[in-house]
Amino acid sequence: MALHVYNYLSRTLESFEPVKPGRVSLYVCGPTVYDHSHLGHAKTYVAMDVVVRYLKYLDYQVRHVRNITDVGHLLDSGEDRVLKGARRHNLEPMEIVETYMMSFFDDMQALGVQRPDISPRPSGHIPEIIQWVQALIESGAAYEVNGNVYFSVEAFPAYGKLSNRKVDELEAGARVEVRAEKRHPADFALWKRAEPEHLMRWHSPWGEGYPGWHIECTVMSTKYLGQPFDIHGGGLENMFPHNECEIAQAEVLHDTTFAKYWLLAGSLTVNGVKMSKSLGNFLTIKEALTLYKPEAIRYFVLSSHYRGPVDFSRDALQAAQRGIERLQNTVLQIHRRMQSALPAGTAVLADVSSLVDYRDAFEEAMNDDFNTPKALAVIFDMVKEANRQLDEKINLSMGSLAAMDKQFRDLAGDVLGILPAELPESAPSGELLDGLMQILLDLRQEYRAARDWSAADMLRNRLALLGIIIQDNPTGTTWHIES
RNA sequence: GGCGACGUAGCCAAGUGGUAAGGCACGGGUCUGCAAAACCCUUAUCCGUCGGUUCAAUUCCGACCGUCGCCUCCA
């Protein structure tokens, strides 16, 4: 089966056919940078990262755009997120933006999330945004009142098609007070008038102001990807109103579809409740990384399907950590065998024939709307098979070992990102350290030979306190520093 | 109120109209002086409840119970 994706626009599984054969254009809604990112962000971006990685694995030439929102959004209190941060710390808004944007990039890199090709920011696209808003006014789809410009939802009958909402039904809910100047309660802002205390402001035909909440994604995705582009990704919670408004702003002006496929990721929950800033039930990515390996966090995220939620708990992360250690240990074993294998050994068919089946099964899982839990099951079947061979066959050939290694690198490494580029192949070396350790190991070996177990164990225990782990294997004693 | 998602072993989590992947934990075993690590094996007569369709349902339909998301801040 070729790649199929679940498209929220049609609510069905569709065969994936990019607009331009061989190329994929993809836009993902990025974060507003006003604080450190938490695990909820990690879930969305790790999920989207695997989508991108798998498209690349399929040899598509991918252009990946993910915005950084740097003009602030309104809080419940009516305050601007970025401005609030700036006031609190007596800083320029752009200093806040710079700090947390870099923090976000650091977090993404630590998690192995590949950098997008373009990370556009609305503050750098004000002219394009103004131009777009003007075009909307000229077309009759937008109107200006007191320096504010609103999109008229009545000008776009398809409004609500993504989230399956009808404008009339929206009014039934308990809603916040409607600004009287809007023609229709559901109309949304394209351009906001800047009040005197508002620090972020730009000149516009409608006076000093700043962009509305949704226009940046329409403008910047179109600028870099054209219309229609292939995939629009992001978090499910942004489907309405944000994604809906993106579509309206674009499609009311153009006859083409804005984005062909909508891939939206489910939220991260804690005890069943969404992890979010406002609820305070969050763990920052930086905090999480002090507790768990980045690959464990990725494995945890990928262990449930991207469209569904995944519930955070210490137990779940701990389980992921253990699982990842088993996987990495197997690959490490393969590497160790390769160090002692004869370089000229070619692959033995009987040893590697199953690799093709595993790769097929992996691709089949991923082709089915990026079913990472199923793909992970294939990876662990491979782990079991590799271990069996490592146990049963003392002299696996270099070719066989290399083929196994490549398979793990390709699937678990390149696509899922749960194998680090560098595994700790051996203990850290250094003449002094090696020499000291050799003295201690020799000493302990003498105790063992003399059956002085308490002395031997004392040495082992005291080294363990320093984080140095001693292991007695059939082939001899090894040591490594605890990771 | 509207739109939508989910409920599978101790925990996490796939999946299928023909009788349940994978991970963690538990238990058993190999190895070890003992450990640790590693590896192997085992673990759901059953898929929220009650009905219906069917030769056959966990999988389709309906009702109900429970949990959650969105309804103009949110990845």
Side-chain angles (χ1 to χ4, degrees), chain A residues 11 28-32 37-45 47-48 72-81 160 163-166 168-176 178 185-189 213-214 233-242 244-245 264-269 271-279 299-300 303-305 307-311 313 315-327 329-330 333 361 365 371-381 383-384 387-388 390-391 448 451-454 456-457 460-461 464 469-474 478 480:
Chain A
R11 307 262 167 162
V28 176
C29 284
T32 303
S37 303
H38 55 66
L39 278 182
H41 301 97
K43 159 130 176 19
T44 299
Y45 298 122
M48 288 294 142
H73 278 179
L74 290 182
L75 296 167
D76 282 343
S77 60
E79 276 185 286
D80 180 299
R81 290 175 188 282
S163 56
N164 202 14
R165 282 177 164 81
K166 291 177 175 57
D168 300 337
E169 289 168 357
L170 296 178
E171 296 183 67
R175 40 179 306 115
V176 293
V178 175
D187 289 352
F188 56 91
W213 306 296
H214 316 297
L236 192 54
E237 70 278 350
N238 275 338
M239 182 164 60
F240 189 89
H242 180 66
E244 202 70 70
C245 296
L264 303 175
S267 300
L268 182 81
T269 58
N271 296 324
V273 182
K274 194 174 83 168
M275 179 180 282
S276 73
K277 208 79 201 170
S278 47
L279 291 175
Y299 173 56
F300 163 69
S303 67
S304 77
H305 188 92
R307 272 191 282 120
V310 59
D311 198 56
S313 68
D315 285 350
L317 257 299
Q318 203 59 48
Q321 178 103 335
R322 297 301 302 273
I324 223 70
E325 280 168 5
R326 194 158 82 88
L327 164 68
N329 269 323
T330 295
Q333 282 305 319
N371 191 331
T372 52
K374 217 176 192 178
L376 282 167
V378 175
I379 296 294
F380 278 96
D381 285 342
V383 166
K384 185 178 285 189
N387 285 329
R388 197 179 59 76
L390 288 167
D391 266 13
R448 293 183 72 204
R451 305 184 73 79
D452 186 353
W453 308 126
S454 63
D457 290 349
R460 184 171 64 195
N461 293 338
I469 309 301
I470 302 288
Q471 291 177 354
D472 298 319
N473 301 303
T478 61
H480 68 269

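Numbers restart at 1 for each chain; the letters A, B, ... are given by sequence-line order, proteins then strands.
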Select from A/G235 and A/D187 the residue whose nearest nucleotide in RNA chain B is closer to the 5' end of that strand. A/D187

P-based separation of B/A25 from B/G52 [nearest Å]: 44 Å

Please report, rounded to the nearest Å, how far the P atom of B/C6 is from the CG atom of A/L236. 11 Å

Among the candidates B/A14, B/A75, B/C71, find the nucleotide nearest to the side-chain atoms of A/F240. B/C71

Partner of B/G1 under the Watson-Crick or G-U wobble criteria, both distances under 3.5 Å, comes out as B/C71

Determine which nucleotide pairs with B/A37, using a 3.5 Å limit on both distances of a Watson-Crick or G-U wobble pair. none

For atom CZ of A/R451, decide whether the heavy atoms of other residues, nucleotides or ligands shown that lie under 6.0 angstrom number more than 12. no

I need the CE-C1' distance between A/M239 and B/G69, as an integer number of Å. 9 Å

From CG of A/L268 over to P of B/G69, roughly how many Å is that when rounded to an integer? 13 Å

If you look at every strand shown and take non-hydrogen atoms under 4.0 Å, does A/K384 touch a base, only sugar-phosphate, or nothing? sugar-phosphate

Of the nucleotides B/G23, B/A21, B/C39, which has the atom closest to the A/F380 side chain? B/G23

Using both distances under 3.5 Å as the test, list the Watson-Crick or G-U wobble partner of B/C26, or none. none

When rounded to the nearest Å, what value does the distance between P atoms of B/U8 and B/C40 take? 28 Å

Given the rule in the side chain to side chain contact (heavy atoms under 4.5 Å, CB included) test, do A/R448 and A/D472 qualify, once you have shown the distances and angles that lead to the verdict? CA-CA 11 Å; A/R448 293 183 72 204; A/D472 298 319; 3.3 Å; yes

Of the listed B/C74, B/C39, B/U72, the closest approach to the A/N387 side chain comes from B/C39

Does A/V28 reach a base, just sugar-phosphate, or nothing at all? Heavy atoms under 4.0 Å. nothing

Which nucleotide, if any, forms a Watson-Crick or G-U wobble pair with B/A63, using both distances under 3.5 Å? B/U49

Give me the distance, rounded to whole Å, that separates B/C34 from B/G22 when you measure between the C1' atoms they each carry. 34 Å

Of the options B/A75, B/G15, B/G33, whose atoms approach the side-chain atoms of A/W453 most closely? B/G33

The side chain of A/R322 lies closest to which of these nucleotides: B/C39, B/C34, B/C24? B/C24

Counterpart residues, salt bridge (Lys or Arg N to Asp or Glu O under 4.0 Å), relative to A/D452 (two or more places apart): none

Distance-only donor-acceptor test (3.5 Å): side chain A/N238, base B/C70: no

Between A/D391 and A/R388, does any NZ, NE, NH1 or NH2 come within less than 4.0 Å of an OD or OE carboxylate oxygen? no

Mind checking A/D457 for me? I need base, sugar-phosphate or nothing, with any heavy atom below 4.0 Å counting as a touch. base

Hits for ring-ring contact (aromatic ring centres under 6.0 Å, His included) against A/Y299, two or more places apart or cross-chain, chain-then-number order -> A/F380

So A/R326, base contact, sugar-phosphate only, or nothing? Heavy-atom distance under 4.0 Å. sugar-phosphate

So which nucleotide does B/C31 pair with, by the Watson-Crick or G-U wobble rule with both distances under 3.5 Å? none

More 5' along RNA chain B: A/L39 or A/R11, using each one's nearest nucleotide? A/R11

Do A/E244 and A/H214 come within less than 4.5 Å of each other through their side chains, counting heavy atoms only? no

Can you find a donor-acceptor pair, distance only, under 3.5 Å between A/R451 side chain and B/G33 base? no

Donor-acceptor pair under 3.5 Å: do we get one between A/R165's side chain and the base of B/C70? yes

Of the listed nucleotides (B/A13, B/A75, B/A35), which one gets closest to any side-chain atom of A/P373? B/A13

Quick one: label A/S276 by what it contacts on the DNA or RNA (base, sugar-phosphate, nothing), any heavy atom closer than 4.0 Å. base

Which nucleotide in the set B/U72, B/C39, B/C11 lies at the smallest distance from any side-chain heavy atom of A/P241? B/U72

Expressed in whole Å, how much space separates the P atoms belonging to B/A75 and B/A57? 46 Å

If you measure from the C1' atom in B/C24 to the same atom in B/U42, how many Å do you get, rounded? 15 Å

When the distance from NZ of A/K374 to C1' of B/A21 is rounded to whole Å, what number comes out? 8 Å

What's the spacing between A/I469 CD1 and A/Q471 CD if we round to 0.5 Å? 7.5 Å

Given the P atoms of B/A14 and B/G7, what is the spacing between them in whole Å? 8 Å

Starting at atom CG of A/L327, determine the distance to atom P of B/C24, rounded to an integer number of angstrom. 10 Å

Using a heavy-atom cut-off of 4.0 Å across all strands, would you classify A/H305 as base, sugar-phosphate, or nothing? sugar-phosphate

Give me the distance, rounded to whole Å, that separates B/G66 from B/U53 when you measure between the C1' atoms they each carry. 26 Å

For a quick check of understanding: with a heavy-atom distance under 4.0 Å over all strands, which category does A/R448 fall into, base, sugar-phosphate or nothing? base

Can you tell if the side chain of A/N387 reaches within under 4.5 Å of the side chain of A/Q333, non-hydrogen atoms only? no

Atom pair distance, as rounded to whole Å: CZ in A/R460 and P in B/A36: 9 Å

With the side chain counted from C-beta on, respond yes when A/V383 and A/R326 share a heavy-atom pair under 4.5 Å apart, and no when they do not. yes

If I take atom CG in residue A/N371 and atom P in nucleotide B/A14, what distance separates them, rounded to the nearest angstrom? 8 Å

Using the C1' atom as the point on both nucleotides, what is the distance between B/A20 and B/C50, in whole Å? 23 Å

Please classify the nucleic acid contact of A/Y299 as base, sugar-phosphate, or nothing, using heavy-atom distances under 4.0 Å. sugar-phosphate

Of the listed B/C70, B/C34, B/A13, the closest approach to the A/S304 side chain comes from B/A13

Touch class at under 4.0 angstrom, heavy-atom based, for A/G30 against every strand present: sugar-phosphate

Rounded off to whole Å, could you give me the NZ-to-P distance for the A/K166 and B/G1 pair? 18 Å

Hunt down the Watson-Crick or G-U wobble partner of B/A20, both distances under 3.5 Å, from any strand shown, or write none. none

Would you mind telling me which of B/G69, B/G23, B/C39 lies closest to the side-chain atoms of A/A319? B/G23

Can you tell which of B/C3, B/U72, B/A13 lies closest to the side chain of A/W213? B/U72

